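All remarks here apply to the structure that follows.
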Amino acid sequence: MINQVFLHGFFAALIAGLITGLGGLCIFFKKRYFKAEINMLLNVAAGVMLAASFFSLLVPSMNQIVRYDDIYYTAFKYVIAVFGGVLLVWILNLAIPHEHNSMGHHGPCFDIKKAWLFIIAITLHKLPEGLAVGVAYGAENIINPLSLVVGIAAHNIPEGLTIAISLVAAGNSRIRAALTAFVIGLVQPLGAIIGLFLMGVSFNIVPYGMALAGGTLLFVVINEILPETYGNKNTNSSAAAVFIGFIIMTYLTMVIAD
């Protein structure tokens, strides 16, 4: 049974990760993508990820924890677990050099060093996202992990496209840029393996593992995605896109969980 859960979680993360490559293939659909277009896609993805982190991890985890007797102590451990997830990705961001996206559109104006520093930043996201998928499948007797996988996969499409855009802007061919997006997506199942092993230690840590994974996703959205897209004057459009993504994922979570 454990092996079956492991395989399901690994392959779900693998498929979600490969969706990053499909996003990279979008580089062939248009001659040029502008930053406003990418921002809109990333904002929708941010809303999707927020809903997925809350409804697939944080809220179910909280519902499990409130069943324990000493609510004050368990609630404190829950908060520590969420903060631990935030701290984990924060430390990764500090330890590994990377750069946020600053290009307006793709073209011959982006050097290869800056492109790879930006790609490292996206790669950092893949590990906690895979961790969240692994944790979700480790807790599949509590939640339906499919909604989280759908949310992360949808988020991977604009990220794959931004990877391809940055490499093309640095002078790489479109096919090489798209293939790189596929390779970067393979980091996600590695994170899932960590999450699955974590959840296999003891059933008692399952709710706290879910809380930790939810914290990692919150950090990715709040510290990495939203600051990228709110650095322009179209804040109303950005906010609307986030709300749209959140509402779509909320609906999908309810339908899938039924």
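What's counted below: heavy atoms across the whole structure, side chains too, no hydrogens, waters or symmetry copies. Source: prediction; values computed, not measured.
Looking at heavy atoms from C-beta onward, V135 lies out of side-chain contact with L196 at the 4.5 angstrom threshold.
Surrounding CZ of F182 are more than 12 heavy atoms belonging to other residues, nucleotides or ligands, all under 6.0 Å away. Annotation: F28, atom CZ; neighbour count of heavy atoms from other residues, nucleotides and ligands within 6.0 Å is above 12.
Classified by interplanar angle (parallel below 30°, tilted 30° to 60°, perpendicular above 60°), the ring pair F219/W90 is tilted.
When hydrophobic clusters are built by joining Ile, Leu, Val, Met, Phe, Trp and Tyr residues whose side-chain heavy atoms come closer than 4.5 Å, directly or via intermediates, L186 is grouped together with V133. Residues L58 and I80 fall into different hydrophobic clusters, defined by Ile, Leu, Val, Met, Phe, Trp and Tyr side chains chained together at heavy-atom separations under 4.5 Å. Note on L212 and F76: separate hydrophobic clusters, where clusters join Ile, Leu, Val, Met, Phe, Trp and Tyr whose side-chain heavy atoms are under 4.5 Å apart, directly or indirectly. Under the 4.5 Å side-chain heavy-atom criterion for grouping Ile, Leu, Val, Met, Phe, Trp and Tyr, Y208 is not connected to Y73 through any hydrophobic cluster.
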Derivation of the side chain to side chain contact (heavy atoms under 4.5 Å, CB included) call for V79 and V82: CA-CA 5 Å; V79 172; V82 175; 5.8 Å; no
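Nearest heavy-atom pair across V168 and A177 is CG2-CB, 3.8 Å. Residues G214 and L57 share a closest heavy-atom pair of N-CD1, 3.7 Å. Between G160 and A181, the shortest heavy-atom distance links the atoms O-CB, 3.9 Å. The two residues G151 and M249 come nearest to each other via the heavy atoms CA-SD, 3.7 Å. Closest approach of A75 to I65, counting heavy atoms only: N-CG2, 4.4 Å.
At distances below 3.5 Å, not a single donor-acceptor pair connects side-chain atoms of N156 with backbone N or O atoms of I19.
Checked against a 6.0 Å centroid threshold, the rings of F197 and F6 count as neighbours.
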